Amino acid sequence: MSTVPLPSREPNPTNAAPVWPITSSRSGVTVPLPANCARPNREDGICCKELKAEERTLIDPDIVRDVVIGLSDGLTVPFALTAGLSSLGESRLVVLGGVAELIAGAISMGIGGFLASQSERDHYRYLRHQTAARVVRSCDGEMEREVSEVLAPVGVDEKTCRSVAQCLREVEMQVHAHEGGHPRDEETALRWSGQVGLTAFLLKFGLGLEEVPTSRLYISAFTIGMGYLIGGLIPLLPYFFIPRAHIALIYSCIVTGVVLLLFGAVKSHVTGAGMGTKGYVYGAFSTLLVGGIAAGAAFGIVKVLET
């Protein structure tokens, strides 16, 4: 076990645990990567790890995607339906049709999110099985070529690509030997075995694919379904309190328009698209435009069918 000499402790004005930045060690001793720090050589005296605190952390993009899908459909589809039914004159009919569509739509959207995530997971597992079998059968030269296809475009030289391929292949063979050389069983294989080795590297960086956890299926179904349900209730609320549908439609348009603007702006902020005022304005009005077109089309079609 190697040791690295630490400097004497200096007075710490904060309550944080003392940290000794390391840039060099005794001859023959390599500084561990997690402990390597160039704070003493920086003019501002700030550790590079502290710079991460200044970055804005975005929400899980999968969660954001599901929320956007659910709320977008919930704000536009039920609103378009209620706008079309409002031409019938009675709010009671609009409420009955809107609630029925809202419940059926939320269930359908949730099931769709579940099946989509399940298909994505099954597709990944199939490719992982195929890629793992190919890695075992292929020669070193072929694996080095595939690793080079991934790393060379970002500036990694050929020698380093060969070293990376060799290291990853050794890890792959160790995992394969540990599992007895049999096809990978999702229930009995080591939980980390699918995250290391050449197969995981080719899938993640070569094809841009990652494992979809089983919990993701249920989270996606719940998020999309609840997003649709909550979004669909907003344009329907005025019809519960105003008996005349054409008057309730005016209030529904106002309420839904405001919510669409706010939703578009919040979506731009959460996804990181709103880097300035123009980004927020574009996100708000583009969302409003989509909802307005859908509602106008539904209302116009019902009017045409009435005549």
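FYI, the numbering just counts along the sequence from 1. Just so it is clear, the structure is predicted and the values come from calculations on it, not from any experiment.
- In terms of heavy-atom proximity, Gly232 sits nearest to Pro78 at CA-CG, 3.7 Å.
- In this structure, the side chains of Leu102 and Leu229 come closer than 4.5 Å at one or more pairs of heavy atoms.
- The shortest heavy-atom contact between Gly74 and Pro235 is O-CG, 4.4 Å.
- With sequence neighbours left out, Glu142 forms a side chain to side chain donor-acceptor pair (under 3.5 Å) with Arg145.
- One distance of note links OG1 of Thr214 with CD1 of Ile219; it measures 10.5 Å at 0.5 Å rounding.
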Evaluate His123 against Val212 for side-chain contact (heavy atoms from CB on, under 4.5 Å), listing each step before the verdict.
CA-CA 10 Å; His123 176 65; Val212 178; over 6 Å; no
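- Scanning for side chain to side chain donor-acceptor pair (under 3.5 Å) contacts around Asp157 gives Thr160, with sequence neighbours left out.
- Taking CZ from Arg216 and CD from Gln118, the interatomic distance works out to 14.0 Å, rounded to the nearest 0.5 Å.
- Ser252 OG to Leu237 CG: the interatomic distance, rounded to the nearest 0.5 Å, is 8.5 Å.
- For Phe240, the ring-ring contact (aromatic ring centres under 6.0 Å, His included) test picks out no residue, with sequence neighbours left out.
- Side chains of Glu158 and Ser148 form no contact here, defined as non-hydrogen atoms less than 4.5 Å apart.
- Counting non-hydrogen atoms of neighbouring residues, nucleotides and ligands closer than 6.0 angstrom, the CD atom of Glu210 reaches no more than 12 such neighbours.
- One hydrophobic cluster, built from ILVMFWY side chains closer than 4.5 Å, holds both Leu217 and Ile107.
- Residues Leu203 and Glu211 are not in side-chain contact: their nearest non-hydrogen atoms beyond the backbone lie 4.5 Å or more apart.
- The closest side-chain heavy-atom distance from Met143 to Arg134 is below 4.5 Å.
- The hydrophobic clustering, which links ILVMFWY residues whose side-chain heavy atoms are closer than 4.5 Å, places Tyr124 and Leu207 together.
- Note that CG of Leu261 is 4.5 Å distant from CG of Leu288, once rounded to the nearest 0.5 Å.
- Within the structure, ring pair (Phe, Tyr, Trp, His ring centres under 6.0 Å) pairs that include any residue of residues 204-232 comprise Phe114-Tyr218, Phe201-Phe205 (at least two apart or interchain).
- In this structure, Val258 is not a member of the same hydrophobic cluster as Phe241, with clusters built from ILVMFWY side-chain heavy atoms closer than 4.5 Å.
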Sequence neighbours left out, cut at 3.5 Å: what donor-acceptor pairs do the side chains of residues 91-99 make with other protein atoms?
| residue | atom | partner | partner atom | Å |
| --- | --- | --- | --- | --- |
| Ser91 | OG | Ile242 | O | 2.6 |
| Ser91 | OG | Pro243 | O | 2.9 |
| Ser91 | OG | Ala245 | N | 3.3 |

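- Atom CD1 of Ile63 is separated from atom OG of Ser220 by 8.0 Å, given to the nearest 0.5 angstrom.
- Here the shortest heavy-atom pairing between Leu71 and Gly227 reads CD2-O, 3.3 Å.
- Hydrophobic clustering (ILVMFWY, side-chain heavy atoms < 4.5 Å, transitive): Tyr239 and Ile103 are in one cluster.
- Note: the hydrophobic cluster containing Leu262 does not contain Tyr282 (ILVMFWY, side chain heavy atoms under 4.5 Å, direct or indirect links).
- Qualifying salt bridge (charged side-chain N to carboxylate O under 4.0 Å, His left out) partners for Arg169, counting only residues two or more places apart in sequence or in other chains: Asp140.
- Here the OG1 atom belonging to Thr199 is positioned 11.0 Å from the NE2 atom belonging to His129, to the nearest 0.5 angstrom.
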Which is it for Leu198 and Val147 under the side-chain contact (heavy atoms from CB on, under 4.5 Å) test, yes or no, and what are the steps along the way?
CA-CA 9 Å; Leu198 194 53; Val147 171; 3.6 Å; yes
